[in-house]
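Here's the structure, in structure tokens; my notes come after.
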2 protein chains.
Amino acid sequence: MELKRAAEGEKGFEKVFAFLRERLLAGSLKPGDRLISERELATLLGVSRPIVREALRALTVLGIVEIRDRIGTVVTRPDVSVLNDFFTFALAQQADMLDDVMQARVAIECQAIRLACDRANIADFERLQRALAKIGETIDEADAGGMADFEFHRAIVVASHSETLSVLHSSMAGLLTHSHRSRRELVQGFPSMKTYLIDDHRRIFEAVIARDPERADATLRKHFAIGDEYRRRAVVGDIDKTSASG
Amino acid sequence: MELKRAAEGEKGFEKVFAFLRERLLAGSLKPGDRLISERELATLLGVSRPIVREALRALTVLGIVEIRDRIGTVVTRPDVSVLNDFFTFALAQQADMLDDVMQARVAIECQAIRLACDRANIADFERLQRALAKIGETIDEADAGGMADFEFHRAIVVASHSETLSVLHSSMAGLLTHSHRSRRELVQGFPSMKTYLIDDHRRIFEAVIARDPERADATLRKHFAIGDEYRRRAVVGDIDKTSASG
DNA sequence: TTATCCTACTGGTCTGACCAAGATCAGACC
DNA sequence: GGTCTGATCTTGGTCAGACCAGTAGGATAA
């Protein structure tokens, strides 16, 4: 009943995790810094090494820290790829989460395209144009087509020059691309699909070129809405009897 | 020198993690299932218990699994709230990017308010109304006022009924509230501030009530823009010589 | 049949140990 | 004197066995 671990009232793992989180959030531990050794950390916090390892492993899967064999533990620049892990698991067991995440993606992209209208440079325009061209070229290929589609949308976010939006977007994209392929196949049969894909993206591109945030946002938003509509119809088996471009 | 660990060529942790991931992704382990005990897992995979714990802890922070003290480890329903941990860490290390994070917040809220127009129920409306009232009541208090402001915006996101948007928003809000207070104090001196705060939020509220996504989005967006403008002026020391309501 | 108690089991943690390999520095060699 | 080499220290990676504290369920007593 010593007051040793009652210091924070936390259990061992929590104690270590909280200790590290504190410094991480406060900024006293920045990317590139090397943590003190596991043994030191253990004695410092009055816990055993396995517990310290649990905490470090936890931070590792969160992409906050990297444990380098025989070197030490260093703080890394957070990497979105972690989210891929999560989404992979999550998606496997809960497909209904897709629509919800999609909403977040729409949010990010619509904001990104507004910023892009203001901040995009020549290189961004060129990247968009290349992606647009690729969409046209791969219009008949489900796989490559999906990739081209993704690259276009990715280019929009990149053009926003916002690190945060970029991070958020790529984390969602990882999850969504999985479903994208099947969705695309589902929708492949619609003749009007090609027109929709090409024209829509071209209109979006033009709005960015025109540096018109309102139009770009609206066009992109409509693009997503139409995509949803297509998918909805494909699900109910409504075989192409519309141009659905409104 | 048994062929113990050569089984997969993976290190201990990886072995356990991969083992569990496999069953998780394959679906043989579904939410609600209870894993075999740590000890069994350890002997089964030929690793020590601390290693098993590392893997379980890893899955825990990923929100895939829940370790219940003295009960066992059970598979949980994946929950987006894990992302909160990640984003909190990730965004914290880019403190210089508060404006950038703010862009993401705008993105989330503007999307949320659109969804809210469609999905909000009576309870949501009431929550918004209460928050709105509180903004009026606390208009002269920097601290409580900031809190009320936050609650209103939070209510918008809640009304979207999107778990993902909600999680993203709260991780950002956590970071932004810090700066919010100082911002608010900075701006406190402006007489026209009160009008801006009250009227703007009321207009936003009305747009949601009217279930008009476009208007709501536009109004909210303008609200953010004006807030930015105030802050900008406060920084350059331009003491209130405008109504700035355009 | 019911209520209580005991025991096996579970997670939570610690101790102390061994291994392999990078880091470091002293001493040998050029 | 400078460079190279090797022993040693340190670090992560892992293991084995142990103890605690509750929980669940079977055995036992009422």
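Values below: every heavy atom of this structure, side chains too, minus hydrogens, waters and symmetry copies. Below, read A as the first sequence line, B as the second, and so on, with proteins coming before strands; counting in each chain starts at 1.
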[X]: which residues meet the side chain to side chain donor-acceptor pair (under 3.5 Å) condition with it, sequence neighbours left out?
{"X": "A/Arg49", "answer": "A/Glu38"}
{"X": "B/Glu151", "answer": "none"}
{"X": "B/Glu40", "answer": "B/Ser37"}
{"X": "A/Arg57", "answer": "B/Glu54"}

Looking only at side-chain N and O atoms, does B/Thr73 come under 4.0 Å of OP1 or OP2 in C/dG11? yes
Would you indicate, yes or no, if C/dT13 has its OP1 or OP2 atom less than 4.0 angstrom from a side-chain nitrogen or oxygen of A/Ser48? no
Mind listing the N/O atom pairs, protein and nucleotides 17-24 of chain D, below 3.5 Å?
from	atom 1	to	atom 2	distance (Å)
D/dG22	O4'	B/Arg70	NH1	3.2

When you measure from the side chain of B/Asp217 to the backbone N and O of B/Arg114, does any donor-acceptor pair fall under 3.5 Å? no
Spacing of [X] atom [atom1] relative to [N] atom [atom2], expressed in whole Å:
{"X": "A/Leu35", "N": "D/dT10", "atom1": "CG", "atom2": "P", "value": "19 Å"}
{"X": "B/Glu54", "N": "C/dG11", "atom1": "CD", "atom2": "P", "value": "16 Å"}
{"X": "B/Lys11", "N": "C/dA20", "atom1": "NZ", "atom2": "C1'", "value": "10 Å"}
{"X": "B/Glu38", "N": "D/dA16", "atom1": "CD", "atom2": "P", "value": "16 Å"}
{"X": "B/Ile67", "N": "C/dT10", "atom1": "CD1", "atom2": "P", "value": "14 Å"}
{"X": "A/Phe13", "N": "C/dT13", "atom1": "CZ", "atom2": "C1'", "value": "14 Å"}
{"X": "B/Leu45", "N": "D/dC15", "atom1": "CG", "atom2": "P", "value": "11 Å"}

Looking only at heavy atoms, the pair that brings B/Ala55 and B/Val16 closest together is CB-CG1, 3.5 Å
Indicate every side-chain donor-acceptor pair of residues 60-77 of chain A with a distance under 3.5 Å to a residue at least two apart or in another chain.
from	atom 1	to	atom 2	distance (Å)
A/Thr60	OG1	A/Leu56	O	2.8
A/Thr76	OG1	A/Gly63	O	3.1
A/Thr76	OG1	A/Ile64	O	3.3

Paired with C/dA3: which nucleotide, if any, by Watson-Crick or G-U wobble criteria at under 3.5 Å for both distances? D/dT28
Of the options C/dG11, C/dT13, D/dC15, whose atoms approach the side-chain atoms of B/Ile51 most closely? D/dC15
What contact category does A/Glu14 fall into here, base, sugar-phosphate, or nothing, at under 4.0 angstrom with non-hydrogen atoms? nothing
